[in-house]
J.: 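Quick one: structure below, then a few questions.
We number each residue from 1, following the sequence as shown. What you are looking at is a predicted structure, and each value in this text was computed from that prediction instead of being measured.
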Amino acid sequence: MSSDVEYMQHAIRLAKKGLYTTDPNPCVGCVIVNDGEIVGEGWHRYAGEPHAEINALEQAGDKAKGSTVFVTLEPCSHTGKTPPCAEALINADVKKVVVAMVDPNPLVAGDGLKKLETANIETTSGLLESQARELNPGFIKRMESGRPFVRVKLAMSLDGRTAMASGESQWISGDASRNDVQHLRAQSSAILTGIDTVLADDPSMNVRLTAEQLNIDHIRQPKRIVLDSQLRMLSDVKIATLDAECIVYTTVNVDNDKQCPFKIETIDTLNDQIDLHALMRDLAKKEINLLHVEAGSVLCGALLKNDLVDEIIIYMAPHIMGDGARGLFHLPGLEKMKDRISLKINDVRPIGNDIRITAQPVCCE
């Protein structure tokens, strides 16, 4: 007989199967146990499709009656694209529901548990909550803070350089690191870059892995977001012509009838630049949960200076590029040790011949 912790661990493993597919919904896993036996399990596969609890109940059938349900996120109590899961659990006559964390969505936020309790179903919450929160950093950030979770990806040499003085930067990191980045892109709601990167490198900023490589039915391409205050964007760049929506944010008022392969949105300014906080609020309204940033030192530095970076992933390659090469972040005004920005390193691991460092600004702990 397994313990409650082991059942919840299994539910968390199930939830991870939706890592590349559920956006903008959260990843959720569910395990149904009756008399010490798992009688049903499921996970949320794609947005708009049945939730984890519904899939698990379908597998359990009549054996769900009198069972204990382990689910990584509080069952929903409202009708969205699918009916409320709390109601389905009540109708299945389950005995107890154990949730890892309460849903941060204001439309739920404890109401699902209350509905279950009103139906005389025992509930508990908080089992392996920290591990459950790690499943959905973007969804939780958007619900709790009204902005996406911002992850900045950078590649640098051993001496902290991201490009030669000429701007040449392909390729600093190795094949294994670039493949690893594809997985990060595939988890993201959108990829953000600046117009200078687009004009200099003409990047695609898409997911190049196959559905088979990710063990899913089909690839969900993240949206591409370009910051272009003076609207220098060209219609034939790769980022605007591939198979996902491309949105260009600018400070220029434009004719809405302008024909181009990307959407143009005018955003507020702050100090003659795009207001990054206003940008984040707008992206949250568009249900962008996890914003993956691949940009130059100016944009990355501006995000960091505005306390808008939640995670930094750096691929450090075994090269020396010299003190004339370009650095990671453009941060004017950092002149004394007291001005430095502190980071907490959460993970360090080898990726091929490179080292991947995962860190967060201390302000975002």
J.: Tell me whether Asp103 contacts the main-chain N or O of Asn105 through its side chain, where contact means a donor paired with an acceptor under 3.5 Å.
T.: yes
J.: With rounding to the nearest 0.5 Å, note down the distance linking CG in Leu73 to CG in Asn136.
T.: 7.0 Å
J.: With no hydrogens and no angle check, is any side-chain donor or acceptor of His183 less than 3.5 Å from a backbone partner on Asn179?
T.: yes
J.: Within the structure provided, determine whether Val150 and Met280 are in side-chain contact (heavy-atom separation under 4.5 Å).
T.: yes
J.: How many angstroms lie between atom CD1 of Ile225 and atom CG of Leu283, to the nearest 0.5 angstrom?
T.: 5.5 Å
J.: For Asp111, check side chain to side chain donor-acceptor pair (under 3.5 Å) against everything at least two apart and list the hits.
T.: none
J.: Could you please spell out the steps behind the salt bridge (Lys or Arg N to Asp or Glu O under 4.0 Å) verdict for Asp310 and Arg147?
T.: CA-CA 11 Å; Asp310 299 289; Arg147 72 165 178 85; 2.9 Å; yes
J.: Could you work out the complete set of other residues in the hydrophobic cluster of Phe149, with links drawn between I, L, V, M, F, W and Y side chains under 4.5 Å apart?
T.: Leu290
J.: Given a cutoff of under 4.5 Å between side-chain heavy atoms of I, L, V, M, F, W and Y, with clusters grown through shared members, what are the other residues clustered with Tyr46?
T.: Leu19, Tyr20, Val207, Leu209, Leu214, Ile216, Ile219
J.: Mind checking what makes salt bridge (Lys or Arg N to Asp or Glu O under 4.0 Å) contact with Arg349, not counting sequence neighbours?
T.: Asp347
J.: Tell me every residue that passes salt bridge (Lys or Arg N to Asp or Glu O under 4.0 Å) with Arg133, counting only those two or more places apart in sequence or in another chain.
T.: Glu144
J.: Name all pairs fulfilling the side-chain hydrogen bond (donor to acceptor under 3.5 Å, both in side chains) condition that reach into residues 209-232, sequence neighbours left out, sorted by first residue then second.
T.: Asp196-Arg232, Thr210-Gln213
J.: Short question: side chain of Thr162, backbone of Gly327 - any donor-acceptor pair under 3.5 Å?
T.: yes
J.: Between Gly40 and Gln59, what is the shortest heavy-atom contact and its length?
T.: CA-OE1, 3.4 Å
J.: Shortest non-hydrogen contact from Thr22 to His44?
T.: CG2-O, 3.1 Å
J.: Met321 versus Ile172: any side-chain heavy-atom pair under 4.5 Å?
T.: yes
J.: Minimum heavy-atom separation for Val69 to Cys30, with atom names?
T.: CG1-SG, 3.5 Å
J.: With sequence neighbours left out, what residues match Ser157 under side chain to side chain donor-acceptor pair (under 3.5 Å)?
T.: Asp159
J.: Distance alone, cut at 3.5 Å: any donor-acceptor contact between the side chains of Ser173 and Asp354?
T.: no
J.: Can you tell me how far CD1 of Ile314 sits from CD1 of Ile357, rounded to the nearest 0.5 angstrom?
T.: 5.5 Å
J.: Over all heavy atoms of both residues, which pair between Ala47 and Pro24 is shortest? Give the atoms and the distance, please.
T.: CB-CD, 4.1 Å
J.: Backbone N or O of Ala52 within a donor-acceptor pair of the Asn55 side chain at under 3.5 Å?
T.: no
J.: Listed by chain and number, what are the salt bridge (Lys or Arg N to Asp or Glu O under 4.0 Å) partners of Asp202, not counting sequence neighbours?
T.: none
J.: Examine distances only and state if a side-chain atom of Thr21 and a backbone atom of Arg45 form a donor-acceptor pair shorter than 3.5 Å.
T.: yes
J.: Would you say Thr269's side chain and Asp272's backbone share a donor-acceptor pair under 3.5 angstrom?
T.: no
J.: Indicate yes or no for a side-chain donor-acceptor contact from Gln187 to the backbone of Leu184 under 3.5 Å, with no hydrogens or angles considered.
T.: no
J.: Membership question, hydrophobic clusters at under 4.5 Å side-chain separation (ILVMFWY): are Leu154 and Ile351 in the same one?
T.: no
J.: Find out whether Ile32 and Val94 are in side-chain contact, i.e. whether some heavy atom of one side chain is under 4.5 Å from a heavy atom of the other.
T.: no
J.: Rounded at 0.5 Å granularity, tell me how far SG in Cys27 sits from CG in Leu135.
T.: 6.5 Å
J.: Find out whether Phe139 and Pro104 are in side-chain contact, i.e. whether some heavy atom of one side chain is under 4.5 Å from a heavy atom of the other.
T.: yes
J.: How long is the gap from OG1 on Thr358 to CZ on Arg151, to the nearest 0.5 Å?
T.: 8.0 Å
J.: Provide the closest heavy-atom pair for Val309 versus Pro361 in the form atom of the first, atom of the second, distance.
T.: O-CG, 3.4 Å
J.: List the residues meeting salt bridge (Lys or Arg N to Asp or Glu O under 4.0 Å) with Lys286, not counting sequence neighbours, and say none if there are none.
T.: Glu265, Asp282
J.: Identify the heavy atoms of Leu14 and Gly29 that sit nearest to each other, and give their distance.
T.: CB-CA, 4.2 Å
J.: Is there side-chain contact between Trp43 and Thr72, with at least one heavy-atom pair below 4.5 Å?
T.: no
J.: For residues 51-63, which residue pairs pass the salt bridge (charged side-chain N to carboxylate O under 4.0 Å, His left out) check, not counting sequence neighbours?
T.: none
J.: I need the full list of salt bridge (charged side-chain N to carboxylate O under 4.0 Å, His left out) pairs touching residues 92-102, with sequence neighbours left out, sorted by first then second residue.
T.: Lys96-Glu122
J.: Identify every side-chain donor-acceptor pair in residues 293-303 under 3.5 Å, counting partners at least two apart or on other chains, and give the distances.
T.:
{"residue": "Glu294", "atom": "OE1", "partner": "Arg185", "partner atom": "NH2", "Å": "3.0"}
{"residue": "Glu294", "atom": "OE2", "partner": "Arg185", "partner atom": "NE", "Å": "2.8"}
{"residue": "Glu294", "atom": "OE2", "partner": "Arg185", "partner atom": "NH2", "Å": "3.4"}
{"residue": "Glu294", "atom": "OE2", "partner": "His292", "partner atom": "NE2", "Å": "2.7"}

